[in-house]
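What follows is a set of notes on a single structure, which appears directly below.
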Protein chains: 2
Amino acid sequence: MVLCDAPRPRNANATRQAILEAARERFCSDSYDDVGMRDVARDVGVDAALISRYFGSKEDLFVAVLDSCKNGRDLMDGPREDFGERLAREIVYGEVMPCQDDGQNEGAGAKMRGLLILLRSVGSAKAMDVMQRTSNNRFFDPLAAWIGGPDAPVRARLAAGLIMGMAIGRELSDGYSSLGETQKAELARRMAGALQGLIDN
Amino acid sequence: MVLCDAPRPRNANATRQAILEAARERFCSDSYDDVGMRDVARDVGVDAALISRYFGSKEDLFVAVLDSCKNGRDLMDGPREDFGERLAREIVYGEVMPCQDDGQNEGAGAKMRGLLILLRSVGSAKAMDVMQRTSNNRFFDPLAAWIGGPDAPVRARLAAGLIMGMAIGRELSDGYSSLGETQKAELARRMAGALQGLIDN
DNA sequence: TCCGCTTGTCAACGCCTGATGACAAAGCCA
DNA sequence: TGGCTTTGTCATCAGGCGTTGACAAGCGGA
């Protein structure tokens, strides 16, 4: 993706960071199993062996990527009363997947990056080990805290479930392409209402 | 799983069926990538080469398994006014995964088998090819037809999204083990209400 | 200028996967 | 009984994977 013919300056920190960002992009758009060390290395313009040296194993790299994300917290950027509509628009219309922005700074696809990574690798046994151990702290708990009010953990699960499921539905049906424009609008409207209801109630 | 020391009687049709059922179980509980031909073969007590002979490729086997499921239609078994509660109980409390019943006949885990397979292999690029081509006909359209009423396709997407997302959430947090019993009850209650609202409205 | 540490490359290893084609055994028919 | 088709096994292949250790190249300090 980001091939660069000019020789990379010798800078371990920058290279490490570049690997991390390339891996983050890959894990956003492909599942754990479908992401190869050689792919990531090629994106950076570096040899695959270097990744092993810097990060240890592929699993360690995956953990480092998860740690490098704001994991769900960017869901909560923006006014609270817009939450439902914001998310619904992003999923129904937006360029949710793949995300191809430049790392730390949040672009259009930057939202929900951690969530995307979770989604992509649901089902991969190895990735699941990692995610099960961390998804509570990493994702559900902050969301519940942000939501607040009675039964916040429960409502957070429901909201997260709806978001994840709709994101998957989008994947399964190729961006809801079988729905007409009015239907997509209706879908966004209803989803926004359902989500906002979970936040407000 | 179903190892059998007695030599299997030479019966191509029965063997083919046994392979299909073993593969269905595997694809229910593991992702496309994590299911190996040798695993399936071992379950049946047969050599892996036989699967290639009978089904062609692994992808063909996967398609055959999807075809052999009632794909989502079992979601609609039972009274319509119970839909929300039935699904919510199954996801929050039930033995949703893995399903280990005997094929055609529906047991506790038989519900949503096609849906489970979709979920498991979301993210696997190869499986996604297959599923994208068929998930509309196979899953969303029947659900929309069953739901009926205004914006049925839209409401079907939302219902399916909520179901899938909650099933994933269950996976991610190991059966909602971090929630107390009262919270789980509240989760089921709210999810049932949300689902039923999508069906009825 | 030479040394030594860092940064990166290269070739290879062991392992696992899905798939293939040659071969063995069972059953059927004459 | 002998031959033929069906059913299943076995050894093997090519290809991909993550990972490793030996080596090359850059670079700062004496």
Side-chain angles (χ1 to χ4, degrees), chain A residues 2-23 26-27 30-65 120-121 123-130, chain B residues 2-23 26-27 30-65 120-121 123-130:
Chain A
V2 202
L3 279 175
C4 185
D5 289 330
R8 164 174 300 279
R10 291 169 63 90
N11 181 339
N13 243 325
T15 312
R16 205 191 130 95
Q17 201 62 27
I19 291 172
L20 199 63
E21 290 175 13
R26 285 280 176 180
F27 283 126
D30 296 308
S31 82
Y32 182 87
D33 293 321
D34 287 340
V35 171
M37 303 297 250
R38 289 172 174 83
D39 299 327
V40 176
R42 201 178 314 117
D43 290 347
V44 182
V46 119
D47 192 275
L50 205 60
I51 305 184
S52 288
R53 170 126 71 200
Y54 280 167
F55 290 90
S57 68
K58 180 180 180 180
E59 186 171 320
D60 294 332
L61 174 64
F62 187 64
V63 172
V65 164
R120 287 293 182 195
S121 292
S124 166
K126 291 171 215 149
M128 213 58 176
D129 277 348
V130 176
Chain B
V2 200
L3 278 175
C4 184
D5 289 330
R8 163 175 302 279
R10 292 169 62 92
N11 181 338
N13 242 327
T15 313
R16 204 191 130 95
Q17 201 61 28
I19 291 172
L20 199 61
E21 289 175 15
R26 285 279 177 181
F27 284 127
D30 296 309
S31 82
Y32 182 87
D33 292 322
D34 287 339
V35 172
M37 304 296 251
R38 288 170 175 85
D39 299 328
V40 176
R42 200 178 316 117
D43 290 347
V44 182
V46 118
D47 191 275
L50 205 61
I51 304 184
S52 289
R53 170 127 70 204
Y54 279 166
F55 290 91
S57 67
K58 179 180 180 181
E59 185 170 321
D60 293 332
L61 174 64
F62 186 65
V63 172
V65 164
R120 285 293 182 197
S121 292
S124 165
K126 290 170 212 147
M128 212 58 176
D129 278 349
V130 176

Query - Closest nucleotide among D/dT19, D/dG21, D/dT9 to the A/A49 side chain - result: D/dG21

**Report entry** Whole-Å gap separating C1' (D/dG16) and OH (A/Y32)
**Finding:** 16 Å

Query - Sugar-phosphate, base or nothing in reach of A/V35, heavy atoms under 4.0 Å - result: sugar-phosphate

Query raised in the report: What integer distance in Å separates A/L50:CG from D/dG18:P?
Result: 15 Å

Query raised in the report: How is A/F55 classified with respect to the nucleic acid when contacts are heavy atoms under 4.0 Å: base, sugar-phosphate, or nothing?
Result: nothing

Query - D/dT7 OP1/OP2 closer than 4.0 Å to side-chain N/O of B/T15 - result: no

Query raised in the report: Within the distance-only criterion (no hydrogens, no angle test), does the side chain of A/K58 pair as donor or acceptor with the backbone N or O of A/V35 below 3.5 angstrom?
Result: yes

Report task. Tell me which nucleotide among D/dG18, C/dT7, C/dA19 gets nearest to the side chain of B/S57. Result -> C/dA19

Report task. Provide, to the nearest angstrom, the distance between the CG atom belonging to A/D39 and the P atom belonging to D/dG15. Result -> 18 Å

Query raised in the report: What's the CG-P distance between B/D30 and C/dT17, to the nearest Å?
Result: 12 Å

**Report entry** Shortest non-hydrogen contact between A/V40 and A/A23, atoms and distance
**Finding:** CG1-N, 3.9 Å

Query raised in the report: Which atom names give the shortest non-hydrogen contact between B/A22 and B/D43, and what distance separates them?
Result: CB-CB, 4.0 Å

Report task. Could you tell me the separation between the CG atom of A/D34 and the P atom of C/dT17, rounded to a whole number of Å? Result -> 15 Å

Query raised in the report: Taking OP1 and OP2 of C/dG8, is either one under 4.0 Å from a side-chain nitrogen or oxygen of A/Y54?
Result: yes

Report task. For B/D34 and A/A125, indicate whether the former's side chain and the latter's backbone hold a donor-acceptor pair under 3.5 Å. Result -> yes

Query raised in the report: Of all the nucleotides listed (D/dG8, C/dT7, D/dG18), which has the minimum atom distance to the side chain of A/A12?
Result: C/dT7

**Report entry** Side chain of B/K58 (C-beta onward), nearest among C/dG18, C/dT9, D/dT19
**Finding:** C/dG18

**Report entry** Nearest-angstrom distance from the residue atom CG of B/L61 to P of C/dA19
**Finding:** 9 Å

Query raised in the report: Do the numbers put A/R26 on top of the ring of A/Y32, so that NZ or CZ is under 6.0 Å from the six-membered ring centre and no more than 45° off the axis?
Result: no

Report task. Among D/dT19, D/dG8, D/dT12, find the nucleotide with the atom closest to the side chain of B/R38. Result -> D/dT12

**Report entry** Separation of atom CG in B/N13 from atom P in D/dT6, rounded to whole Å
**Finding:** 14 Å

Is there any protein nitrogen or oxygen under 3.5 Å from a nitrogen or oxygen in nucleotides 26-30 of chain C, and what are the pairs?
residue : atom : partner : partner atom : Å
C/dA26  : N3   : B/R10   : NH2          : 3.4

Query raised in the report: Rounded to the Å, how far apart are B/D47 CG and C/dC23 P?
Result: 17 Å

Query raised in the report: What pairs with B/R38 under side chain to side chain contact (heavy atoms under 4.5 Å, CB included), at least two apart in sequence or on another chain?
Result: B/R42, B/A48

Query raised in the report: From C/dA12, D/dA22, D/dT12, pick the nucleotide closest to the side chain of A/R53?
Result: D/dA22

Report task. Can you measure from CD1 (B/I51) to OG1 (B/T15) and round to the nearest 0.5 angstrom? Result -> 11.0 Å

Query raised in the report: Is there a donor-acceptor pair under 3.5 Å between the side chain of A/S121 and the backbone N or O of A/S124?
Result: no

